Amino acid sequence: MFSLGLTSLLVRRNLIFVLMSLEVMLNAAGLAFVVAGSRWHQADGQVMFLFILATAAAEVSVGLALVLQIYRRFKALDVDELSEMRG
Amino acid sequence: MELTFYIAGGVAVISTVLMLSRLNVVHALLYLIVSLLGVAVVFYVLGAPFVAALEIIIYAGAIMVLFVFVVMMLNLGAHAAEMEKQWLTPGIWTGPVLLATILIIEVVYLVRSGAAELATDAVGPKQVGISLFGPYLIGVELASMLLLAGLVGAYHLGARETEKPEIRHDANTHERRTAASGDLVLARTHQPSRTP
């Protein structure tokens with residue numbers, strides 16, 4: 001699932017899809033933590049999953065606010081169209 | 001146990017693949033919700049019911065509501081109603097509904113047979129809480145600071161737009177006043193200088 005999210009992050013060019021694939025990647029990392037925690041009978045995996053959950057919530061709120069700002073400013077969500085940072 | 005784990009994992013992976021291959025954002029959101037529910041069932045099978053409940057509440061509840069709100073706000077166009085008509089065709093619902101019914105049947109089977117209680121390696125919410133507020137206390141504090149920073153940042157980024165129309169509105173009224181009757185405005189600007 002992590003590789004799925006990574007490939008879609010590289011392939012898709014819509015900003016909302018990029019955020020959703022980030023969600024999938026974080027979710028897969030949390031799944032790996034929980035599986036490892038249940039494998040070794042430890043509660044640390046679930047604690048790490050809670051931290052990942054908090055990180056994902058904060059990241060998604062800030063990212064969606066940024067998406068709103070970008071959409072209002074450029075009227076587009078295409079990453080290739082938004083690449084106007086020229087050094 | 002093994003079979004239910006593989007069924008839930010398969011549902012999660014299939015719905016993720018379908019999510020990533022959708023062209024429409026709302027369809028992808030539907031499949032993403034089904035994927036999160038599948039991952040929650042996997043957690044439940046693995047003997048982590050607390051994390052499964054949190055996954056459903058926070059991911060499928062809060063974060064998906066955020067996504068849906070943003071999609072709604074981005075679609076504030078005149079052609080939004082036409083797009084809604086296109087989206088509400090019944091063929092769209094079948095995929096997520098099928099996967100979700102598989103998950104529901106599996107959860108009902110799990111609860112009926114009490115397989116989760118038989119899981120010997122179950123880590124209950126009590127152990128999670130003890131280790132969360134024991135050795136990981138600094139992590140909890142850091143997570144709370146991060147959430148606060150996220151809240152303030154999202155508010156700052158989202159609230160900047162509401163200030164702009166007020167300024168424009170003010171400028172518009174001022175321009176209209178100057179265009180309509182310049183003498184009154186001139187008198188108004190001169191008045192406070194006279195009064196003191």
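All values below were derived from every heavy atom in this structure, side-chain atoms included, with hydrogens, water molecules and symmetry-related copies excluded. Just so it is clear: chains get the letters A, B, ... in the order the sequence lines come, proteins before strands, and each one is counted from 1. Here the structure is a predicted model, which is why all the values come from computation and not from measurement.
Proximity to chain A is absent for every atom of B/L148, based on heavy atoms less than 4.5 angstrom apart. For A/E59, no part lies under 4.5 angstrom from a heavy atom of chain B. Of the atoms belonging to B/V42, it is side-chain heavy atoms, and not backbone ones, that fall under 4.5 Å from chain A.
The local environment of CD1 in B/I138 is sparse, with at most 12 non-hydrogen atoms from other residues, nucleotides or ligands closer than 6.0 Å.
Considering only heavy atoms from C-beta on, B/L66 comes within 4.5 Å of A/S61 through its side chain.
For the set B/G150, B/A62, B/G153, the entry with the most heavy-atom pairs within less than 4.5 Å of chain A is B/G150.
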Might you work through the side chain to side chain contact (heavy atoms under 4.5 Å, CB included) test for A/V60 and B/F67, ending with a clear yes or no? CA-CA 9 Å; A/V60 158; B/F67 270 109; 4.2 Å; yes
- request: Carefully, step by step, assess B/Y59 and A/L26 under the rule side chain to side chain contact (heavy atoms under 4.5 Å, CB included).
  value: CA-CA 11 Å; B/Y59 261 115; A/L26 283 172; 4.0 Å; yes
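Heavy atoms only, all atoms of each residue included: B/A143 and A/F51 are closest at CB-CD2, 4.2 Å. Nearest heavy atom pair, residue A/L31 against residue B/F43, reads CD1-CE2, 3.1 Å. Minimum interatomic distance between A/T55 and B/L146 (heavy atoms only, all atoms of both residues): CA-CD2, 3.8 Å.
Each of B/L32, B/V39, B/L36 was evaluated against A/V24; a single residue qualifies, B/L32, per the side-chain contact (heavy atoms from CB on, under 4.5 Å) test.
Put simply, B/I57 and B/Y44 are part of the same group of oily side chains (I, L, V, M, F, W, Y) that touch within less than 4.5 Å, one to the next. Following chains of ILVMFWY side-chain contacts shorter than 4.5 Å, one can reach B/I14 starting from B/V41, so the two form part of one hydrophobic cluster. In the hydrophobic cluster analysis, where Ile, Leu, Val, Met, Phe, Trp and Tyr join through side-chain heavy atoms closer than 4.5 angstrom, B/L54 is grouped apart from B/L147. When hydrophobic clusters are built by joining Ile, Leu, Val, Met, Phe, Trp and Tyr residues whose side-chain heavy atoms come closer than 4.5 Å, directly or via intermediates, B/V11 is not grouped with B/I105. Both B/F133 and A/L50 belong to a common hydrophobic cluster when Ile, Leu, Val, Met, Phe, Trp and Tyr are linked at side-chain heavy-atom distances under 4.5 angstrom.
Atom-to-atom distance recorded for A/N27:CG and B/I63:CD1 is 9.0 Å, nearest 0.5 angstrom.
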